There are 2 protein chains.
Amino acid sequence: MLSIGKLSGLTGVKVPTIRYYEQIGLLPKPERNEGGQRIYNNTSRERLNFIRHARELGFPLEDIRELLALSDSPDQSCDAIAKRQLAEVEHRLVRLNALYKELERMVAQCTCGTVQTCRVIQVLGDHGLCVADHQKIMSHDIDQ
Amino acid sequence: MLSIGKLSGLTGVKVPTIRYYEQIGLLPKPERNEGGQRIYNNTSRERLNFIRHARELGFPLEDIRELLALSDSPDQSCDAIAKRQLAEVEHRLVRLNALYKELERMVAQCTCGTVQTCRVIQVLGDHGLCVADHQKIMSHDIDQ
DNA sequence: CCTTGAACCTCTAGTTACTAGAGGATGTAG
DNA sequence: CTACATCCTCTAGTAACTAGAGGTTCAAGG
């Protein structure tokens, strides 16, 4: 019922991206018409919508693949991923706010056209704003 | 004073990534010792810390390059850059806040722990939860 | 019915921001 | 002075697209 272009328009996912998702097996291979063009239905649309939303929330494709698999056979816990993402987003919000305030201050200060003191680096470089010990996340891999 | 490995350990940025940042000109070329190995100081460390935090906030390297330039020459006329970055950061904050709320709702609805009653897929697939009109963002580019 | 142009097809290559590995030189601890 | 960790350069691989070439199919107007 839906051409790839229509599907793209309805979901906001670009045409080449849809084909890419098919290629990597995130979307099932759709049927084709006489001329070999892809035809989609509402199921594909829902699935693609889900993928788009999840991507916007910062889920990597592998997590999405996992969630889709889970929804296909729902017997496992799956909110752990969402919780992890929630913590991550919260973490980002804190630091983005700090940078925002510093930029705001700079803009307010430099109406004359120059910036006297720029503390952008300090604001983000400051270890006090590190939420957690990054050693735990970015661990132990020195070189190779 | 600092070997690349020490710098890596202190900042949480992997050794090959540090070399990569140098290669693309985000970090200045450091001095070398007799044997040709890189030696760093605390300035490099601050700069690298800044880069790491900004990257974690999702800034592309080109924006970071601009922010670094801003802090390098605070006497230049650069409020235009600061203002543009401010707008960018503001936009990010708005979006991130929206995503945060959506995730929060997801997690709240998903305390059961199993997909049977977990609505992650539905919540994300639901069109009613679109943050904004995606047509405006993901616009008009059908194919090429 | 025929043309024309938009939308489709496959395939390859480019992008960003890394990451991994080969193959070899250097630095340091016992 | 010998191991062996860490360093060096270089090339190639990864994720998640994006762009382009070169060609086919569909649908609207004449």
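Chain letters run A, B, ... following the sequence lines, proteins first and then strands; every chain starts at 1. None of the values given here were measured: they were computed from a predicted structure. Both backbone and side-chain heavy atoms feed into the values below; hydrogens, waters and symmetry mates do not.
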Report yes if at least one side-chain N or O of [X] is closer than 4.0 Å to OP1 or OP2 of [N]; otherwise report no.
X       : N      : result
B:Arg38 : D:dT9  : yes
A:Arg32 : C:dT10 : yes
A:Thr17 : D:dA16 : no
B:Tyr20 : C:dT16 : no
B:Ser3  : D:dC7  : yes
A:Arg55 : D:dC17 : yes
A:Asn33 : D:dC26 : yes

Between [N] atom [atom2] and [X] atom [atom1], what is the distance in whole Å?
X       : N      : atom1 : atom2 : answer
A:Leu61 : D:dT18 : CG    : C1'   : 15 Å
B:Gln23 : C:dT16 : CD    : P     : 13 Å
B:Ile18 : D:dC7  : CD1   : P     : 9 Å
A:Lys14 : D:dC17 : NZ    : P     : 10 Å
A:Glu22 : D:dT18 : CD    : P     : 17 Å
B:Arg65 : C:dT16 : CZ    : P     : 10 Å
A:Arg52 : D:dA16 : CZ    : C1'   : 17 Å
B:Arg19 : C:dA17 : CZ    : C1'   : 16 Å

Query - ILVMFWY network linking B:Val13 to B:Ile39, side-chain heavy atoms under 4.5 angstrom - result: no
So, taking the atom named [atom1] in [X] and the one named [atom2] in [Y], what distance separates them when rounded to the nearest 0.5 Å?
X       : Y       : atom1 : atom2 : answer
A:Arg38 : A:Asn33 : CZ    : CG    : 11.0 Å
B:Tyr20 : B:Leu61 : OH    : CG    : 5.5 Å
B:Arg19 : B:Glu22 : CZ    : CD    : 9.0 Å

Among [options], which is the nearest nucleotide to the side chain of [X]?
X       : options                : answer
B:Ile4  : D:dC8, C:dA17, C:dC8   : D:dC8
A:Tyr21 : D:dC17, C:dT19, C:dC18 : D:dC17
B:Pro16 : C:dT19, D:dC7, C:dC9   : C:dT19

Requested in this report: Let me know, please, whether B:Glu34 or A:Lys6 comes out on the 5' side of the other along DNA chain C by nearest nucleotide.
Outcome: A:Lys6
Requested in this report: Grab the two heavy atoms, one from B:Leu26 and one from B:Leu68, that are nearest each other, plus how far apart they are.
Outcome: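 Between these two residues, the closest heavy atoms are O-CD1, 3.9 Å.
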Requested in this report: Using the side-chain contact (heavy atoms from CB on, under 4.5 Å) rule, pick out the option among A:Ile18, A:Thr11, A:Thr17 that qualifies with A:Lys14.
Outcome: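 Among A:Ile18, A:Thr11, A:Thr17, the one meeting side-chain contact (heavy atoms from CB on, under 4.5 Å) with A:Lys14 is A:Thr17.
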Report task. Between A:Ile24 and B:Gly36, name the one whose nearest nucleotide on DNA chain D is closer to the 5' end. Result -> B:Gly36
Report task. For B:Gln37 and for A:Gly35, find the nucleotide of DNA chain D with the closest heavy atom, then tell me which residue's nucleotide is more 5'. Result -> B:Gln37
